Amino acid sequence: MEEIYDAAAVESAAQEYWDQRHTFEVREDSARAKYYCLSMFPYPSGRLHMGHVRNYTIGDVLARFMRMQGHNVLQPMGWDAFGLPAENAAMSNGVPPAKWTRQNIAYMRNQLKSLGFAIDWTRELATCDPSYYRWNQWLFLRMLEKGIAYRKTGIVNWDPVDKTVLANEQVIEGRGWRTGALIEKREIPMYYLNITRYADELLGALDDLPGWPDRVKTMQANWIGRSEGCEIVFPYAPDTRAVMSADGALKVFTTRADTIFGVTFMAIAAEHPVALEAGKSNPRLNAFIDECRRGSVMEADVATQEKRGMRTGLHVLHPFTGEPIEVWVANYVLMGYGEGAVMGVPGHDERDFEFALKNGLPIVTVVRSATGVYDEVREPWIPAYGEYGVTVNSGEFSGLEFKPAVAAIAAALEKTGLGRKRIQYRLRDWGISRQRYWGCPIPIIHCAECGDLPTPDEQLPVVLPENLVPDGSGNPLAKTPAFYECVCPKCGKPARRETDTMDTFVDSSWYFLRYACADQANAMVDERAAYWLPADQYIGGIEHAILHLLYSRFWTKVMRDLGLVKISEPFTNLLTQGMVLNDIYSYQPPEGRKRYFNPADVHTRRDADGGEIHEVTTPESGLIRVVHEGLGKMSKSENNGVDPESLVARFGADTARLFIMFASPPEQTLAWSDEGVQGASRFIRRLWVAVYDHVSKGLPTKLDTRALTPAERDMRRAAHQALAKATDDIGRRRHFNTAIAAIMELLNAIGRCGDASPQGRAVRHEALEIAVMALSPITPHVCHALWQGLGHQTGLIDERWPEVDPAALVQDAVEIVVQVNGKLRGRVSVPASADEATIREAAIADEHVRKFIGDKPIRKLIVVAGKLVNIVV
RNA sequence: GCCCGGGUGGCGAAAUCGGUAGACGCAAGGGACUUAAAAUCCCUCGGGGGAAACCCUGUGCCGGUUCGAGUCCGGCCCCGGGCACCA
């Protein structure tokens, strides 16, 4: 082996070795245990960033580790290739999204290859290829047949200047990002997937996912949000009936039917038909409705905005008392969620309480506190008002606890047809229509006479033209007759093709199935999916904890119900990687769009008061001062990614991999800093030198474990302890940083041991082999070279993971910590086999401990076997 | 606003089931080697006191449970993620 470690030479040699032997190409093999190691595929944004390196190194460590444990390992890679950034890039530089995307894929593929991941590249896929997205279209049509896909209206952000629909990300403080125009809500027809049909199963099946982190399961359960309650009908009063020129009712859902007698107002959404009718004859109300219809559709905005309302002057009737109740329009009630109406119980709901105070509405106490905290609800609000208690002022339903009250009220409502018990989910159906170009076309044909028809299967795929360049003024597909002009499959007359495309979450909801059979031209999936799925390990960012992971679970269940797969859940084990954060710097010019600057280009200095000043030199305006917005996940939109390329060029892929794995455990959020990269590089060089020094003196004699000196036994124990720790940390705990620390400690121990005797060299040889093998999943290239340096002809990746020798771990004596009143006062060494009485005596006998006991009587003495004694005086 | 995480030295972190707080590394300071630099090796390194032995104190803040709390419970503060059209 070479004396000097040359990362570039070592890495290209190792990669060539694997490539030539097609080491990571795998076939289905029913005789071997399979291990499908899946990482979330990247969006081809242009360059890898450290979040990708972290994600794919975690996957690679597990793939290589499991392979060395004897599994048939599949680790695939692909591209989540449709999406908004390609259109944005097209707008700024005139390149078609397809070209931009494919260039990025080519570049990033090379970056991934330079990092030496054990990927089967023969299965690579990109979601923008017709051979992939045709199956989106095909399955969508099957869903349409089953009624899982359907059409209804939905609300979108509308930019009135560019006359285009904007993504939430493109709405900044209520204005369009390019035009600065105030955004309006607009209702348009869209396609939806009926995920709520699966709500119950998606919720219940979380219990069958022991390999998922609790925090993800909790988030999903809360997102689905099952609540038991009542649907209650408030019939129109005569005034409302007159305005609506029909009979009707406001329908609400509530989990607090026990408070029905506390209803003092009704709140409806601005888009509600009753609101719209009432607005026609009331200009002030109409203006308020208009105001509500502007602004954001985002839940975060709706929830934080000031709660405002205006009376309609109309009334509905209380289902029990028949009393008229005033109907208000409120900006916090959303039409898209439930029936667009809620009952207002200011006595026992905090939001209603504030609304009532502000608008001078009556507050009625209808629940008596179970703990006697209050008699009557009055200002200010206290949390106890919202708690369960016993009903009062509720007519025949007074004096009941929560559950019996709800049961009695629901039964009474059912009798009169004015309500019933119902289960409601917070989860809403998944709207998949996007008024955008760079996505999978929705395979629908609109015929003036025959209506909306599915594109016949034999005409699939509906191919997206790849040469268009969006300009920000709406979907270019809608301006391209060659795309949208078509023939009605039913009547043969000219018809118009749907120009909306699918949400890119559709693409990512099943790509992991396609990897099993990416070359299959005649079906969405084939029998190979049955071999590989479910994925044994899925790895990806915690930011996908809800949407992507929930959609993938839903999609899998739909495919199961269509008989396409046998599995119900796609991912057996989930590792949610913490985000790699970096500083965000921005500059808001007096006019136009906010610009973001990469932290690498920002210079920070201190002003006279010690405050920080951040500056960037720009070609067009010279030195400008930028604002530090804080830390955020590395993303293209905030331009705070760190390209690993320079790190790889300077130190090599192994150092980059080792550094990111050593920085923290994978689930933890990581604020980016390259401090410490020197240490990773240094450690690899030290390992190289240790192996070189060892083998340059010739290969050792055979190890004879019975003929070791105490020091040699210590060395051997250190090696096997490190192996045991690394095996457990990688295989079970997934704490790669402490596995690395254990191997560092081992190398330190090897360095301290100067034993040059034949058995001393044999022990060192074993220890070095353990260090090289245990580190190999993390730094595979250098370990590949060192393995050959240690005298092996084989490729390390084809070796079996070493076994811990239990005999090597045996210790004669153990150190026991002695506390007096919980404070550390001494340490005693006792035989490993010592019983409790011996330990107790040794502890009390310790001179230093006695000083602290003094002449005080021992009141209590706790012995923790093998660890600690606590003496209480 | 709601849901989910996190907060430990100058920095990244460790402490796996309530039992020695700071393993392993970075940075810094001191020293060795060198004409010099780099690299490498050795020593110091939470704060306070002390010549030292050692003592006191310390895991975001306030309170509690326990022989013993970074870890469990209650209340807060701050940071990050998600909130359905960024991916």
Side-chain angles (χ1 to χ4, degrees), chain A residues 40 42-43 45 80 83-85 88 154 156-157 165-171 213-216 218-223 225 297-305 307 332 336 351 426-436 503-505 508 541-548 550-551 576 578-579 581 630-633 635-638 659 662-665 667-671 673-680 682-683 685-686 689 728-729 732-733 735 737-738 740-745 748 751 815-819 821-824 827 848 859-862 864 867-872:
Chain A
M40 289 182 187
Y43 177 79
S45 56
D80 187 14
L84 201 53
N88 295 340
V156 293
N157 302 304
V165 175
L166 295 184
N168 283 341
E169 194 192 45
Q170 297 170 314
V171 180
D214 287 338
R215 62 164 156 163
V216 174
T218 306
M219 280 191 263
Q220 290 213 351
N222 290 340
W223 184 262
V297 300
M298 284 178 262
E299 190 191 285
D301 293 338
V302 173
T304 49
Q305 76 192 352
K307 313 275 175 290
Y332 61 85
R351 189 177 62 183
R426 206 188 76 93
L427 183 68
R428 309 200 292 262
D429 274 348
W430 175 14
I432 59 157
S433 293
R434 297 291 179 270
Q435 299 68 46
R436 271 192 273 288
D503 181 4
T504 57
F505 275 125
S508 56
I542 183 68
E543 70 271 27
H544 296 293
I546 295 174
L547 293 179
H548 162 62
L550 193 63
Y551 292 147
T576 43
M579 260 148 316
L581 308 181
L631 288 168
K633 66 170 174 172
S635 74
K636 191 158 186 74
S637 58
E638 292 177 315
F659 168 60
F662 186 56
S664 84
E667 305 219 276
Q668 203 159 304
T669 303
L670 182 62
S673 157
D674 61 7
E675 274 189 36
V677 70
Q678 286 289 350
R682 193 174 297 148
F683 171 63
R685 288 200 307 272
R686 282 181 56 216
V689 167
D728 186 51
D729 282 351
R732 180 183 65 88
R733 291 214 307 148
H735 277 213
N737 57 331
T738 50
I740 294 164
I743 300 163
M744 286 175 168
E745 282 186 85
N748 290 343
E815 186 180 74
I816 302 285
V817 160
V818 187
Q819 297 180 335
N821 290 340
K823 286 192 174 177
L824 175 66
R827 297 160 203 271
H848 199 67
R859 293 196 310 177
K860 202 167 179 181
L861 196 147
I862 291 121
V864 181
K867 273 205 165 148
L868 164 145
V869 174
N870 189 15
I871 302 166
V872 186

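Worth saying up front: this structure is predicted, and the values here are computed from it rather than measured.
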- Query: Within the structure shown, what part of the strands sits under 4.0 Å from Gly225(A) by heavy-atom distance: base, sugar-phosphate, or nothing?
  - Reply: nothing
- Message: Would the base of U40(B) count as contacting Arg686(A) through its side chain, where contact means a donor and an acceptor less than 3.5 Å apart?
- Response: no
- Task: Would you indicate which nucleotide in U40(B), C83(B), C86(B) comes nearest to any side-chain atom of Leu84(A)?
- Result: C86(B)
- Strand partner of G25(B), provided both Watson-Crick or wobble distances fall under 3.5 Å: C11(B)
- Can you find a donor-acceptor pair, distance only, under 3.5 Å between Asn222(A) side chain and C3(B) base? no
- Query: For G9(B), is chi within 90° of 0 (syn) or not (anti)?
  - Reply: syn
- Message: Taking donor-acceptor contacts at under 3.5 Å, does the side chain of Gln435(A) reach the base of C85(B)?
- Response: yes
- State which of G81(B), A14(B), A87(B) makes the closest approach to the side chain of Met219(A). G81(B)
- Describe the nucleic acid contact of Arg434(A) in one word from base, sugar-phosphate, nothing, applying a heavy-atom distance below 4.0 Å. base
- Between Thr504(A) and A87(B), does any side-chain N or O lie under 4.0 Å from OP1 or OP2? yes
- Message: From C-beta outward on Arg733(A), which listed nucleotide comes closest to its side chain: A15(B), G80(B), G81(B)?
- Response: A15(B)
- Message: For a quick check under 3.5 Å, do Asn821(A) and Arg859(A) share a side-chain donor-acceptor pair by atom type?
- Response: no
- Query: If anything within 90° of 0 is syn and all else is anti, what is C17(B)?
  - Reply: syn
- Looking across every strand, which nucleic acid part, if any, lies under 4.0 Å from Lys633(A) by heavy atom: base, sugar-phosphate, or nothing? base
- Query: Touch check for Ser433(A), heavy atoms < 4.0 angstrom, all strands: base, sugar-phosphate only, or nothing?
  - Reply: base
- Any donor-acceptor pair under 3.5 Å between the side chain of Gln668(A) and the base of G5(B)? no
- Considering only A14(B), G19(B), C85(B), which nucleotide approaches the side chain of Arg436(A) most closely? C85(B)
- Item | Closest nucleotide among A87(B), A27(B), G19(B) to the Gln678(A) side chain | A27(B)
- Message: Could you check whether the side chain of Arg732(A) and the base of U16(B) have a donor-acceptor pair of N or O atoms closer than 3.5 Å, going by distance alone?
- Response: yes
